[in-house]
Amino acid sequence: MNIAVIFAGGTGQRMNVASCPKQFLKLNGKPIIIYTLEIFNEHSEIDKIVVSCISGWIPYLERLVKSYGIGKVVDIVPGGETGQDSIFNGLSAAAAHASEDSIVLIHDGVRPLVEKEVISECIAAVREYGNAITCIPSSETFIIRNDDGTLDIPPRKDSYIVRAPQCFILGDILAAHRRAAAEGRHDFIDSCSMMTEYGYDMHLVPGSPSNIKITTPADFYMFKTLQEINDNYQIFGFEI
């Protein structure tokens, strides 16, 4: 079984919108989270979807899911204080709907432009390698500052930017989260960082630069532009 865990527990402080969390901002009348859920709902290889959401917004999301016919959503659970906590809550709920040998795809609710082909490639990679981390080559140079103030500059050809989905065997990622909880660790920035810390080798899957995370107003306007390009392609059969 392939189950998606979509985490949408953030309040979106960098978006500077007081009316609603960023995942519920609308483009053409449709909330961002619905754009994201539709991609996974319409994918033939995704069997079920679990969403972790801000507690107070769960009833609203439940109404949206019903209104837009997102039939693969089997559970909506409260998010946590951090992204790590929200993912753990979603994974724990997923374990009630899927066996621990299932493939789980962890994805941001505010990444609504992930391609279906990338989802398929991630699933295939997990079957072969045990995990799949979506990434894109870095187009700029990274500088790593060490504790002693010295700088390391890795070659750009070896530098990648991690995106989503990040995909694992459900039992593996759950075990890592349980270990982190037992150790009082709440500082992992994402799932691949946690898995690497606990000794797993990660397998990279090429993604697309358009698979952006909507965090700031500039990101929202980029999403608007990219979505218009997608819509024009579907309607007219060509890209701008």
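- Residues Ile58 and Pro78 have side chains in contact (heavy-atom distance under 4.5 Å, counting atoms from C-beta outward).
- Between Ile32 and the options Leu37, Leu27, Val110, a side chain to side chain contact (heavy atoms under 4.5 Å, CB included) holds for only Val110.
- Side-chain contact between Phe24 and Cys53: present, with at least one pair of heavy atoms (C-beta onward) separated by less than 4.5 Å.
- Expressed to the nearest 0.5 Å, how far CD1 of Ile39 lies from CD1 of Ile34 amounts to 11.5 Å.
- Within 6.0 Å of the CG atom in Asp148, the count of heavy atoms belonging to other residues, nucleotides or ligands exceeds 12.
- A donor-acceptor pair under 3.5 Å is formed between the side chain of Asp219 and the backbone N or O of Thr216.
- Proximity of a side-chain donor or acceptor of Gln23 to a complementary backbone N or O of Ala8 within less than 3.5 Å is detected.
- Considering only heavy atoms from C-beta on, Lys48 stays 4.5 Å or farther from Lys72 through its side chain.
- Between atom CD1 of residue Ile70 and atom CG of residue Asn41 there is a gap of 4.5 Å, rounded to the nearest 0.5 Å.
- Looking at heavy atoms from C-beta onward, Ser52 lies out of side-chain contact with Ile6 at the 4.5 angstrom threshold.
- The backbone N or O of Pro137 sits nowhere less than 3.5 Å from a side-chain atom of Arg156 that would complete a donor-acceptor pair.
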List the steps, then state whether side chain to side chain contact (heavy atoms under 4.5 Å, CB included) holds for His203 with Ile133. CA-CA 6 Å; His203 178 77; Ile133 307 302; over 6 Å; no
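- Between His177 atom NE2 and Phe168 atom CZ the span is 8.0 Å, to the nearest 0.5 Å.
- Side-chain polar atoms of Ser193 and Thr196 form no donor-acceptor pair below 3.5 angstrom.
- Linking ILVMFWY side-chain heavy atoms closer than 4.5 Å, directly or via other members, places Ile33 and Val77 in two distinct hydrophobic clusters.
- Of all heavy-atom pairs spanning Arg163 and Ser210, the tightest one is NH1-N, 4.3 Å.
- By the 6.0 Å contact criterion, CD1 on Ile161 is enclosed, its count of non-hydrogen atoms from other residues, nucleotides or ligands being greater than 12.
- Side-chain contact between Ile3 and Ile49: absent, with no pair of heavy atoms (C-beta onward) separated by less than 4.5 Å.
- A cation-pi arrangement is present between Lys30 and Tyr35, with the terminal nitrogen or guanidinium carbon under 6.0 Å from the aromatic centre and inside a 45° cone about the axis.
- Counting only distance, with no hydrogens or angles, the side chain of Arg145 and the backbone of Leu151 share no donor-acceptor pair below 3.5 Å.
- Side-chain contact check for Asn2 versus Arg127: some heavy-atom pair is nearer than 4.5 Å.
- Taking CG from Leu113 and CD1 from Ile212, the interatomic distance works out to 6.0 Å, rounded to the nearest 0.5 Å.
- Side chains of Asn89 and Ser86: a donor-acceptor N/O pair is absent below 3.5 angstrom, by distance only.
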Evaluate the criterion side chain to side chain contact (heavy atoms under 4.5 Å, CB included) for residue pair Leu61 and Val51; output intermediate values, then yes/no. CA-CA 9 Å; Leu61 181 56; Val51 187; 3.7 Å; yes
Does the salt bridge (charged side-chain N to carboxylate O under 4.0 Å, His left out) test come out yes or no for Glu100 and Arg178, once each step is laid out? CA-CA 14 Å; Glu100 292 204 352; Arg178 289 166 179 157; 3.6 Å; yes
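- Side-chain contact, His43 with Ser120: a donor N or O sits under 3.5 Å from an acceptor N or O.
- Remark: side-chain polar atoms of Asp75 are not paired, donor with acceptor, to backbone N or O of Ala93 under 3.5 angstrom.
- At distances below 3.5 Å, not a single donor-acceptor pair connects side-chain atoms of Asp152 with backbone N or O atoms of Asn146.
- Ile76 is connected to Tyr60 through a chain of hydrophobic side-chain contacts under 4.5 Å among Ile, Leu, Val, Met, Phe, Trp and Tyr, so both are in one cluster.
- Within 6.0 Å of CD in Glu183 there are more than 12 heavy atoms belonging to other residues, nucleotides or ligands.
- From Leu91, atom CG reaches atom CZ of Phe7 across 10.0 Å, with rounding to the nearest 0.5 Å.
- Considering only heavy atoms from C-beta on, Thr36 stays 4.5 Å or farther from Arg111 through its side chain.
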Please test Arg185 against Glu197 for side chain to side chain contact (heavy atoms under 4.5 Å, CB included), starting from the C-alpha separation and ending with a verdict. CA-CA 11 Å; Arg185 295 284 305 272; Glu197 174 77 9; 3.7 Å; yes
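- Between Ile136 and Pro209, the shortest heavy-atom distance links the atoms CG2-N, 4.0 Å.
- Between Val114 and Pro165 there is a side-chain heavy-atom pair separated by less than 4.5 Å.
- Summarising the local packing, NZ of Lys116 is surrounded by more than 12 heavy atoms from other residues, nucleotides or ligands at distances under 6.0 Å.
- With values rounded to the nearest 0.5 angstrom, Phe88 atom CZ is found 11.0 Å from Thr82 atom OG1.
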For Thr141 and Ile153, run side chain to side chain contact (heavy atoms under 4.5 Å, CB included): C-alpha distance rounded to whole Å, both residues' side-chain angles, the deciding distance at 0.1 Å, then the answer. CA-CA 7 Å; Thr141 300; Ile153 304 178; 3.4 Å; yes
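- Of the candidates Asp108, Asp190, Asn131, Thr134, Asp190 is the only one forming a side-chain hydrogen bond (donor to acceptor under 3.5 Å, both in side chains) with Gln166.
- Scanning both residues, Cys192 and Val162, for their nearest heavy atoms gives SG-CG1, 4.0 Å.
- Hydrophobic clustering (side-chain heavy atoms under 4.5 Å, transitive across Ile, Leu, Val, Met, Phe, Trp, Tyr) keeps Phe40 apart from Val205.
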